[in-house]
Amino acid sequence: MEKIVIIGAGLTGLSAAYHLEKQGFYNYKIFEKESEPGGLCRSIHQDGFTFDYTGHLLHIGDQYFRSLIQSVVGTKNFNLIKRKSFIFSHDTYTHYPFQVNLRGLPTNIISDCIEGFINKKNYKHPLSKTIFYYWALKHFGRGMAKHFFFPYQKKIFCYDLKKLSTSWMGRFVPKTSLDQIIEGITQDPEEKNIGYNSQFYYPKKDGINYWVQKFAETLKNPIHISHHVKYVDLKNKAVIFSNGTTENFTKLITTMPLNILLRSLKEPSNSFLKSKHHKLLCNSVLNFNLGIDRPNISDMHWAYFPEKKYPFYRMGFYHNFSNSLVPKNHSSLYGEISYRSASAQKKENLILNGKNAAKNILNFSDKNIATEKILDIKPAYVIYDRWRDKNLSKIHRRLNEDSVHSIGRYGEWKYSSMQEAILDGKQTVEKILPRKN
Ligand SMILES: Cc1cc2nc3c(=O)[nH]c(=O)nc-3n(C[C@H](O)[C@H](O)[C@H](O)COP(=O)(O)OP(=O)(O)OC[C@H]3O[C@@H](n4cnc5c(N)ncnc54)[C@H](O)[C@@H]3O)c2cc1C
């Protein structure tokens with residue numbers, strides 16, 4: 001008889017469980033290493049403030065996802081918000097996205113960007129389809145690459161852009177035309193509906209975890225929290241927990257990070273897979289969350305910071321997502337700093353520098369900080385290099401042969417959203433448990 005084990009009760013694992021139950025299949029167990037479900041979509045309540053594991057905004061682009069949100073939570077429990085997002089460079093805020101909102105930047109920077117954009121037609125490089133560095137030069141030209149794309153992507157990924165593949169980009173980097181660029185210089189800046197995130201939903205109360213918690217509560221089977229999977233034994237089809245207990249499966253759905261899964265495979269039968277774990281690259285994000293004892297410290301939702309002198313690549317403002325996230329007459333913010341590897345001391349310095357930069361930019365002092373919460377998110381962004389492009393599907397095929405389905409943002413080793421986490425869980429269930437007619 002089929003027995004399914006799910007590792008991880010983040011959004012993808014919860015979605016797999018939900019869709020199994022929707023098909024009337026209850027012979028499954030879901031295990032989570034933390035003391036609560038939610039994964040990256042948890043929220044922290046502290047001193048009257050609510051912080052997420054850095055800003056998490058809900059973008060609904062898929063009809064099935066919309067109907068699921070509607071039936072499980074009801075969109076009336078969300079604020080629907082039109083994005084107010086900016087880029088801070090050369091001491092100027094310009095509207096996001098950079099490529100169509102140059103107005104306000106110093107004249108020499110605008111000229112660089114236009115000249116580069118016009119001359120890009122002459123740019124030829126054999127890797128301009130596959131490698132981000134050359135792709136950016138081909139599609140945006142030297143000026144925009146230099147003033148935004150290179151410093152920003154280097155900061156977020158902490159990786160050599162000449163080795164970064166283009167396969168992550170999809171909807172994330174909207175292209176532009178000369179007409180749009182000129183319009184963005186000559187006309188008053190306004191938020192244009194460009195990009196996948198021009199508007200977003202955010203729960204009216206309790207942070208992003210509000211809807212994820214409601215989703216988890218729909219499950220009939222229990223979620224086995226505080227169960228850390230230490231080994232996966234493919235030969236005997238069993239997961240082994242750090243407390244020494246074991247659970248057998250006929251099929252395994254795992255959402256734990258793929259590199260850790262490969263490392264956790266029990267020898268001797270899996271040396272091919274196991275040896276690949278260190279080839280999967282990723283970064284981590286230090287997320288500092290601050291509660292501020294002043295109202296409206298900013299009216300933005302978030303801003304990007306490409307310049308090196310600011311340690312964070314992005315800063316956002318929870319109080320503008322929902323006023324329930326802060327006490328009356330207070331504000332709150334999050335800063336995100338990427339790193340690849342760092343000692344405890346280096347991380348402390350990064351956070352200190354990040355907080356100092358936030359204080360200068362927003363004009364507040366230590367005295368205004370009512371509370372703070374530092375989170376270390378790892379992995380955060382997986383790195384799309386050529387090795388990943390060439391080998392990832394082979395790894396998944398090998399795992400599938402052993403009835404293991406590694407899915408979700410880190411299980412598939414990809415750059416994806418909450419919506420995709422739900423769809424990943426659904427599609428996997430449809431694949432491994434064909435609907436009976
Ligand atoms: C910086 C950042 C910002 C983001 N912003 C947004 C946003 O604004 N909007 C958006 O839609 N998406 C955003 N995302 C993406 C979103 O967080 C993810 O797509 C989604 O949460 C992935 O869910 P998941 O279940 O696949 O992974 P996770 O949330 O990582 O869940 C995996 C679960 O597995 C558990 N687990 C791991 N190892 C083990 C083990 N050995 N044993 C048992 N359990 C284990 C973990 O504790 C976790 O609960 C962001 C992500 C990051 C990093």
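Here the structure is a predicted model, which is why all the values come from computation and not from measurement. The first residue of the sequence shown is numbered 1, and numbering continues consecutively from there. Every number for a ligand or one of its atoms is a count from 1 in the order of the listing.
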> Taking non-hydrogen atoms only, is K230 closer than 4.0 angstrom to ligand 1 via side chain, backbone, both or neither?
Replying inline: neither
> Is the W168 ring parallel, tilted or perpendicular to the F132 ring (thresholds 30°, 60°)?
Replying inline: tilted
> Are a donor atom and an acceptor atom from the side chains of E21 and Y28 found within less than 3.5 Å of each other?
Replying inline: yes
> Given T254, L58, L57, which has its nearest heavy atom closest to atom 8 (O) of ligand 1?
Replying inline: L57
> For atom 52 (C) of ligand 1, which protein heavy atom lies nearest, and how many Å away is it?
Replying inline: R409 NH2, 3.8 Å
> Of the protein's non-hydrogen atoms, which lies at the shortest distance from atom 23 (O) of ligand 1, and what is that distance?
Replying inline: T12 OG1, 3.8 Å
>> Quick test: of every protein heavy atom, which one is nearest to atom 34 (O) of ligand 1, and how far off is it to 0.1 Å?
In response: G8 CA, 3.2 Å
>> Checking side-chain polar atoms at under 3.5 Å, does D376 have a donor or acceptor matched by the opposite partner on Y339?
In response: yes
> At a 4.0 Å threshold, what atoms of ligand 1 neighbour a non-hydrogen atom of G10?
Replying inline: 25 (O), 31 (O), 33 (C), 49 (O)
> Where does I407 meet ligand 1, judged by heavy-atom distances below 4.0 Å: at the side chain, the backbone, both, or neither?
Replying inline: neither
> Looking at E34, which atoms of ligand 1 are within less than 4.0 Å of one of its heavy atoms?
Replying inline: 47 (O)
> Would you call R397 and E401 a salt bridge, taking side-chain N to carboxylate O under 4.0 Å as the test?
Replying inline: no
> Non-hydrogen atoms of Y381 versus ligand 1: any pair closer than 4.0 Å?
Replying inline: yes
>> Is it true that S332 and H319 share a donor-acceptor pair across their side chains at a distance under 3.5 Å?
In response: no
> Taking heavy atoms and a distance under 4.0 Å, where does V285 meet ligand 1: side chain, backbone, both or neither?
Replying inline: neither
>> Are Y96 and F86 an aromatic pair, judged by ring center distance below 6.0 Å?
In response: no
> Any cation-pi pair here, R340 with F157, using under 6.0 Å and within 45°?
Replying inline: no
>> Among all the protein's non-hydrogen atoms, which is closest to atom 42 (N) of ligand 1, and how far away is it?
In response: V229 N, 2.9 Å
> Under 3.5 Å, is there a donor-acceptor pair between the E307 and S89 side chains?
Replying inline: no
>> With no hydrogens and no angle check, just 3.5 Å: does a side-chain donor-acceptor pair link S417 and E420?
In response: yes
> Quick one: which ligand 1 atoms are inside 4.0 Å of a heavy atom on T54?
Replying inline: 1 (C), 2 (C), 3 (C)
> By number and element, which atoms of ligand 1 are closer than 4.0 Å to a non-hydrogen atom of T255?
Replying inline: 32 (C), 33 (C), 34 (O)
>> I need the nearest protein heavy-atom contact for atom 28 (P) of ligand 1: residue, atom name and distance, please.
In response: L40 N, 4.0 Å
> Which residue holds the protein heavy atom closest to atom 16 (C) of ligand 1, what is that atom called, and what is the gap in Å?
Replying inline: H56 NE2, 3.5 Å
>> Would you call the rings of Y415 and Y381 parallel, tilted or perpendicular, taking 30° and 60° as the class edges?
In response: perpendicular
>> Going by the closest heavy atom to atom 19 (O) of ligand 1, which one wins out of G425, S416, G408?
In response: S416
>> Using a 4.0 Å cutoff against the non-hydrogen atoms of M418, which atoms of ligand 1 qualify?
In response: 9 (N), 10 (C), 11 (O), 12 (N), 19 (O)
> Relative to ligand 1, is Y410 under 4.0 angstrom through side chain, backbone, both or neither, heavy atoms considered?
Replying inline: side chain
> Under 4.0 Å from any heavy atom of G39, which atoms of ligand 1 are there?
Replying inline: 29 (O), 48 (C), 49 (O)
>> Considering E336, E32, K33, M256 one by one, which has a heavy atom nearer to atom 35 (C) of ligand 1 than any of the others?
In response: E32
>> Pairing donors with acceptors under 3.5 angstrom, does anything connect the side chains of K359 and N356?
In response: yes
> When you check the gap from the basic side-chain N to the acidic O, do K214 and D206 get nearer than 4.0 Å?
Replying inline: no
> Between S165 and D385, do the side chains contain an N or O donor and an N or O acceptor separated by less than 3.5 Å?
Replying inline: no
> Can you list the ligand 1 atoms lying under 4.0 Å from a non-hydrogen atom of C41?
Replying inline: 21 (O)
> Under 30°, 30 to 60°, or over 60°: which ring-plane class applies to Y410 and W413, parallel, tilted or perpendicular?
Replying inline: perpendicular
> Taking only heavy atoms of H227, which atoms of ligand 1 are found under 4.0 Å from at least one of them?
Replying inline: 42 (N), 43 (C)
> For atom 5 (N) of ligand 1, what's the nearest protein heavy atom and its distance?
Replying inline: G55 O, 3.6 Å
